[in-house]
There are 2 protein chains.
Amino acid sequence: MATIKDVAKHAGVSVATVSRVLNEIGYVHEDTRKKVEAAIGELQYTPNEVARSLYKRKSRLIGLLLPDITNPFFPELARGVEDEMHENDFRIIIGNSDENIKKEKEYIQTFVQNNVVGAIASTNHPDTDTYRKLNIPVVFLDRTADNRPSVYSDGREGGRIAAHEMVARGSREITIIQGPKHVRPAQDRYQGAADILSDQGILFNVVQTSSYSFTEAGTWAKELFEQYPNTDGVIASNDIVATAVLHEALRLGKKVPDDVQIIGFDDILLSSLLTPSLTTIRQPAYDMGRAAASLLIQLIENQNIDHKTIQMPVTFTERDTTRKVEQHG
Amino acid sequence: MATIKDVAKHAGVSVATVSRVLNEIGYVHEDTRKKVEAAIGELQYTPNEVARSLYKRKSRLIGLLLPDITNPFFPELARGVEDEMHENDFRIIIGNSDENIKKEKEYIQTFVQNNVVGAIASTNHPDTDTYRKLNIPVVFLDRTADNRPSVYSDGREGGRIAAHEMVARGSREITIIQGPKHVRPAQDRYQGAADILSDQGILFNVVQTSSYSFTEAGTWAKELFEQYPNTDGVIASNDIVATAVLHEALRLGKKVPDDVQIIGFDDILLSSLLTPSLTTIRQPAYDMGRAAASLLIQLIENQNIDHKTIQMPVTFTERDTTRKVEQHG
DNA sequence: TTGTACGCGTTATCAG
DNA sequence: CTGATAACGCGTACAA
């Protein structure tokens, strides 16, 4: 790898001059600029980001911490982040936390050790010292923190919509799957749904789950129908769980949506491909990723930020696990 | 952030001594070690990886280049890489290439600018200068390169198995979906299947596709059944395409697997959840990621490598888009 | 308009 | 066993 020194020698100038043309700063004569540029071309020189980073105490790297890239929801998020960052010449160091505080802390630490200029984290523990003591901007994505920059979708509203639509379509004994207690968006969804149902005086059961793993989801789905065999509507905490419920319902010989309606959350690719295809509350995952990246960049560049918190809209995506509502005049 | 200098001052020693205890190199008196360690603890000091990287001209970072993390096959790969790397204290800079040579080159360049010690790339263009001129080890993952370190699964054998099983289950007018021309594993699968079918003198059609996007897959699926309405067996280039074919077949009122059998490739989560669930040739994606990471680490540490090329086995995963073969005595 | 020299935080060499 | 100090590649005062 050629260094700035090589370029300087090759062009017959000093490193300072090379640096000037590189960074387009200060005055440099047109002729010498040409020489330098020629040298850069010949040597195929590209600046060493590490040296830059050391000197400036900041890199062009940002850290992205996700629970598990293997969960279909997160790649969308990640891709949104990546695209926006790439367009702005930032690169990404990525890590999977498995919702494990220790791993999380470890990653955040190596992020700072590598001089990242900011981080995007999807964490359930935004209020730990890990983040509080950080002196780089952090945007919380999906999993929210009060009064901290964050991008998330309106889970509560999503829950409300789900409940509302399900009732409108005739379910009367609804079961809400509550999702992991420590996962805030899951709780928001639950709350929203529960509120509506309570308001309308409609009976509902609650099933608590503790992870998003598909195999475990199957177990809970079984329990659900054992405990509440008469459930005629299930509001799941996400599409993975909804899928497990759908499979179990079908396995039990129930007709979906006639015997039991199901509404998921997220709208991952899978959802539209199931048979019957899954009605769900869609989160704009890709756009959330982009928004988070965009917000982080603003934070990094210290621009004035109006809204440090961005809530994205959620949309009812009607498919075949819910009944059609009659079109009256 | 505390620096080594701060620690030195705090402990009343020189930076050299701190460096020694940090790196456990050379002699250092037990007492002074204690002092230094105490200082490190109090100041919560962690070494600046950037400075280290600058001096040593190598970091603890590796680059991971994937076509598109949004394609369900790649997160598995990525996770395998990440887990293995994490266990060995390497961190990952990730990039999506979209199979775009320019983007690819750009990423590789920023990888080296950041002093990565190695890279894992899933690329269709391993033979470009981008990689040839690189003086860090690169492991090619999934997409293979001759005579270069690589990890891939046996696509040819997979194709053979698919053809064999499909014939054994009675299909007589088979259509092979060939997958993008520039994607080597797709061509291997095609070749394997075509070989078997030719050998056995069985008629087959070929449909060529040019991407793995799901929406486009739908179009090809339509074309397939328009052109070859009597097809009674489809060997798809991957599970995404197979899913599109399944949907189209069902839409046309065909019975699967009675009228038409379908075999996919990869075994992504989706496949087991479809109705009917998808018979497929499974690739051990996660393990492939881990193997690639492991191989790269060996390359980095310059250990003796016996097999620079690792071919992973592929397994026939029988589900419900193929008929059951009779169990004779 | 250009060059010299220092510092970013570390490691390694070489005296002591 | 420990401490100065040069060097890694770059950017920027400051001088010329």
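Predicted model, so just to flag it, every value in this text is computed and none were measured. Chain A is the first sequence line, chain B the second, and so forth, proteins listed ahead of strands; every chain is numbered from 1.
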Does a side-chain N or O of [X] approach OP1 or OP2 of [N] to a distance below 4.0 Å, or not?
| X | N | result |
| --- | --- | --- |
| A/Arg52 | D/dG11 | yes |
| B/Asn23 | C/dT11 | yes |
| B/Thr17 | D/dC1 | no |
| B/Thr3 | C/dG9 | no |

When we call it a touch if two heavy atoms are under 4.0 Å apart, what does [X] touch: a base, just sugar-phosphate, or nothing?
| X | value |
| --- | --- |
| A/Ser19 | base |
| A/Ser53 | nothing |
| A/Val50 | nothing |

Distance, rounded to the nearest Å, where [X] contributes [atom1] and [N] contributes [atom2]:
| X | N | atom1 | atom2 | answer |
| --- | --- | --- | --- | --- |
| A/Glu49 | C/dC8 | CD | P | 20 Å |
| B/Asn114 | D/dG9 | CG | C1' | 13 Å |
| B/Tyr55 | D/dA6 | OH | C1' | 8 Å |
| B/Leu54 | C/dT11 | CG | C1' | 11 Å |
| B/Arg57 | D/dA6 | CZ | P | 18 Å |
| A/Lys58 | C/dG9 | NZ | C1' | 18 Å |
| A/Ile25 | D/dC10 | CD1 | C1' | 13 Å |
| A/Lys56 | D/dC10 | NZ | P | 13 Å |

For residues A/Asp142 and A/Pro185, determine if any side-chain heavy atom of one lies less than 4.5 Å from a side-chain heavy atom of the other.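 A/Asp142 reaches A/Pro185 side chain to side chain.
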
Do B/Met85 and B/Arg91 come within less than 4.5 Å of each other through their side chains, counting heavy atoms only?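 A side-chain contact is absent here, since even the closest heavy-atom pair is not under 4.5 Å.
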
B/Val15 vs B/Tyr27, nearer the 5' end of DNA chain D by closest nucleotide: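 With B/Val15 and B/Tyr27 compared, the 5'-side residue is B/Tyr27.
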
Does B/Lys5 or A/Arg33 map to a spot on DNA chain C nearer the 5' end, using the closest nucleotide for each?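 Going by which nucleotide is closer to the 5' end, it is A/Arg33.
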
For the pair A/Phe140 and A/Tyr131, name the ring-plane relationship: parallel under 30°, tilted 30 to 60°, perpendicular over 60°.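 A/Phe140 vs A/Tyr131 ring planes: perpendicular.
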
Of all the choices, [options], which nucleotide is nearest to the side chain of [X] once you look at every atom?
| X | options | value |
| --- | --- | --- |
| A/Leu22 | D/dC14, C/dT13, D/dG11 | D/dG11 |
| B/Ile4 | C/dT2, C/dC14, C/dT11 | C/dT11 |
| A/Ser14 | D/dC10, C/dT4, D/dG3 | C/dT4 |
| A/Ala16 | D/dG3, C/dG3, C/dT10 | C/dG3 |
| B/Thr32 | C/dT1, D/dT2, C/dG3 | D/dT2 |

Do any N or O atoms from the side chain of A/Ser122 and from the backbone of A/Leu141 form a donor-acceptor pair under 3.5 angstrom?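 Checked: pair present.
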
Quick one: do the A/Glu106 and B/His86 side chains pair a donor with an acceptor below 3.5 Å?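 Their side chains do contain a donor-acceptor pair, which is all the 3.5 Å distance test asks for.
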
Answer yes or no: is there an ion pair linking B/Arg79 with B/Glu76, defined by an N-O contact shorter than 4.0 Å?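 Judged by the 4.0 Å cut-off on N to carboxylate O distance, B/Arg79 and B/Glu76 do not form a salt bridge.
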
